[in-house]
Amino acid sequence: MFMGQIELFPLYLSFKVSFLATLLSLALGVPLAWFLARKSWLGRDWLDALFTLPMVLPPTVLGYYLLLAIGRRSMIGTFLEERFGLTLVFTWPAAVLASALVSVPLLIKAARAAFEGVDPNLEDAARTLGKGEASIFFTITLPLAWRGIAAGTVLAWARALGDFGATLMVAGNIPGQTQTMPIAIYDAVQAGRLSLANTLVLIITLLALVTLWALNQLNRDILGRGHSRD
Amino acid sequence: MLDVELTKRMTSPDFDIRLSLSAGDELVAMLGPSGSGKSLTLRLIAGILRPDAGRIILNGRTLFDSTRGINLAPGRRQIGFVFQDYALFPHLTVAQNIAYGINRWPLGERRRKVTELLKLMRLEGLEREFPTRLSGGQQQRVALARALAPEPELLLLDEPFSALDNRVRERLVREFSHLNEVIGITTLLVTHNLEEAYALSSKIAVVEGGRLLQFGTRDEILRRPQRRAVARFTGTRNIFDGLVIEQGPSYSLVRGERFEVITPHPSLAVGERVVFSIRPEDVLLVPPENVADQEADWAGHTEGGGCQPEGGRESGESSGSRLISGERQNAFLATLLEERPRSDGYTLYVSLCGPKIPADYDLELTVSKHLYRAFGLGRRKTFYLQLPPEDISVWRE
């Protein structure tokens, strides 16, 4: 009876935003995790602390920082607006940034542990066999750390899908434009439309469950084939 | 031909590596206790770690030279490295592991090389297996095949047998020494096991605390130690301080605290302080009928003229050797103080000071069960033994 009335845009937007945010986290988090795991330098622990901060701070604080960083008055905001006529705040790309910011620590933690779990002797062995650093990373380190990174990726995606506070701060709550699933649910509850809220909650729960199950299957099929490491 | 001269300061302040050695087309073993810096040295040679100073020259090619700023990347050194735990790539098959260092070769050549190595290492039929499914010995051979695939000029082996149990180890050591003749490239092996070093190598470098103590043929290391630490580490057991008291044309007479011996070392001066040693298995048992001046023995012991372990250590009180067939050949009357069974016989702890003194033993020797019985040995029994002069090492500290 209510499927017809339900606007499915928040669902679509949530999946789009969380997917892109996960890609962004991967692009930023994997190199950073490798760097934290393999290189020791003076500021390493500070960098680690900095990128753990989003796990500790309330999402609204993160959203506020992000607002300061990309708002229309900020350096980045002014630059984008003057040069390209772009505004980030209160658009869906801002939601991607916010989701990525809250989820990247999970990925970094998992990926760093995965990289640290790779025996450095293996990399040294590859070095003596004439391989360059990039080649070693892609043929030895990454394939061996892949499981941990995949697990971190799933966590990061889940966190991105569920983000509320940071997204609301920088992307706002514009139905049909920036209203993601968690915000739509909040909206529905506020407006007293409980049956809508129920439906949305049910949908996102089921979809998240199925997606997590599928990702786990995929992990096992891709990585479990052949080598029996554990 | 490998020439190495290295200095490397480690993060722990009281440890650094400073050594130089050269190896021809042979197998050289670096022997030393754990923590002596031998594995580190291999890593420095391979280029995994960077030395602070020195140079590494392999077959005329300079791999590293601190003064000229040369430091070749590990992959350009043409050095094969077999890691202690083999460091096989767990996500690659045996064949992929072996081919890893030659994947830029044309496909045909690469296949031929892998097939050749699989055959040489007796790994045929295992090419599609993953390393974790292999036995320790098979893993070791895969690691060796992988290191040899790019046809290196030098092979480095870091404790290649330490991860194996004793039974397998013995067989593999034998196999490997065979294999080494086939491969025929300069090989530097690191081990803390004397048997391994002796069985495999033609030359041994004894290392301790990052320093090269002695470098020589395996028999020189075993039979002619030049340092107390070398003698101790190679199981010499009987090591004594001594004083040269007489110098003949081809022998020296050296007096220890409790007895004196004839040694063949010709270039010593009278009055010189030396150290002398003999391995437990080199001490011989002598049938009494071969000893000429027996009548002196008991007199010497009962009067305390032979040696006085409890009190005075003045000169003239150490036990002199007896004559064997008219020549002084370091024969002594010994008393068995203690014995310990070995898998192949007994370790005997004896006093050269007569039957009445149960003090510290003077000598440790090993005898077979057969000899033990033939001589009717047992605790408190006395017998004659000989320290063959040619088996005594003498050196200045």
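So that the names make sense, note that chain A is the first sequence line, chain B the second, and so on, each numbered from 1. Owing to the predicted nature of the structure, the values given are computational and were not obtained by experimental measurement.
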(message) What's the separation between atom OG1 in A:Thr139 and atom CD in B:Gln96, rounded to the nearest 0.5 Å?
(response) 11.0 Å
(request) Please check if atom CZ in A:Arg44 has more than 12 non-hydrogen atoms from other residues, nucleotides or ligands closer than 6.0 Å. (result) yes
(request) Answer yes or no: are there more than 12 heavy-atom neighbours, outside A:Tyr186 itself, under 6.0 Å from its atom OH? (result) no
(request) Using non-hydrogen atoms and a 4.5 Å limit, figure out which bit of B:Tyr100 sits close to chain A: side chain, backbone, both or neither. (result) both
(message) Are there over 12 heavy-atom neighbours, none belonging to A:Phe15, within less than 6.0 Å of that residue's CZ?
(response) yes
(message) Surrounding CH2 of A:Trp213 (heavy atoms of other residues, nucleotides or ligands, distance under 6.0 Å), is the total greater than 12?
(response) no
(message) Does atom CZ (A:Arg38) have a neighbourhood of more than 12 heavy atoms from anything else shown, all under 6.0 Å?
(response) yes
(request) Check the pair A:Thr128, B:Arg77 against side chain to side chain contact (heavy atoms under 4.5 Å, CB included), reporting the backbone distance first and the verdict last. (result) CA-CA 8 Å; A:Thr128 66; B:Arg77 297 190 174 200; over 6 Å; no
(request) Could I get the full list of salt bridge (Lys or Arg N to Asp or Glu O under 4.0 Å) partners for B:Glu159, not counting sequence neighbours? (result) B:Lys38
(message) Working note: A:Asn121 + B:Gln84, criterion side chain to side chain contact (heavy atoms under 4.5 Å, CB included); need CA distance, chi angles, decisive distance, verdict.
(response) CA-CA 9 Å; A:Asn121 272 345; B:Gln84 180 166 7; over 6 Å; no
(request) With chain A as the partner chain, list the residues of residues 135-145 of chain B whose heavy atoms fall under 4.5 Å from it, by residue number, and write 'none' if nothing qualifies. (result) none
(message) Looking at B:Arg61, I'd like to know if its CZ atom is crowded, meaning that more than 12 non-hydrogen atoms belonging to other residues, nucleotides or ligands lie closer than 6.0 Å.
(response) yes
(request) May I ask you to check whether over 12 heavy atoms, not counting those of A:Tyr65, lie within 6.0 Å of atom OH? (result) no
(request) Taking all heavy atoms of A:Leu122 and all of B:Phe89, pick out the closest pair and write down the distance. (result) O-CE2, 3.3 Å
(request) Under 4.5 Å heavy-atom distance to chain A, tell me which part of B:Ile79 shows up: side chain, backbone, both or neither. (result) backbone
(request) Check the pair B:Ile102 / A:Leu129 against side chain to side chain contact (heavy atoms under 4.5 Å, CB included), numbers first and verdict last. (result) CA-CA 8 Å; B:Ile102 53 172; A:Leu129 290 165; over 6 Å; no
(request) Applying side chain to side chain contact (heavy atoms under 4.5 Å, CB included), run through A:Arg127 and B:Ile48 and close with a yes or a no. (result) CA-CA 8 Å; A:Arg127 267 175 211 122; B:Ile48 296 168; 5.5 Å; no
(request) First locate atom CZ of B:Arg104, then atom NZ of A:Lys131, and finally report the distance between them rounded to the nearest 0.5 Å. (result) 6.5 Å
(message) So for B:Leu88, is it side chain, backbone, both, or neither that comes closer than 4.5 Å to the heavy atoms of chain A?
(response) backbone
(request) Starting at CZ of B:Phe83, measure out to CG of A:Asp124 and round the result to the nearest 0.5 Å. (result) 5.0 Å
(request) Check the surroundings of atom NZ in B:Lys119: do more than 12 heavy atoms from other residues, nucleotides or ligands lie under 6.0 Å from it? (result) no
(request) Give, as side chain, backbone, both or neither, the part of B:Arg128 having an atom under 4.5 angstrom from any heavy atom of chain A. (result) neither
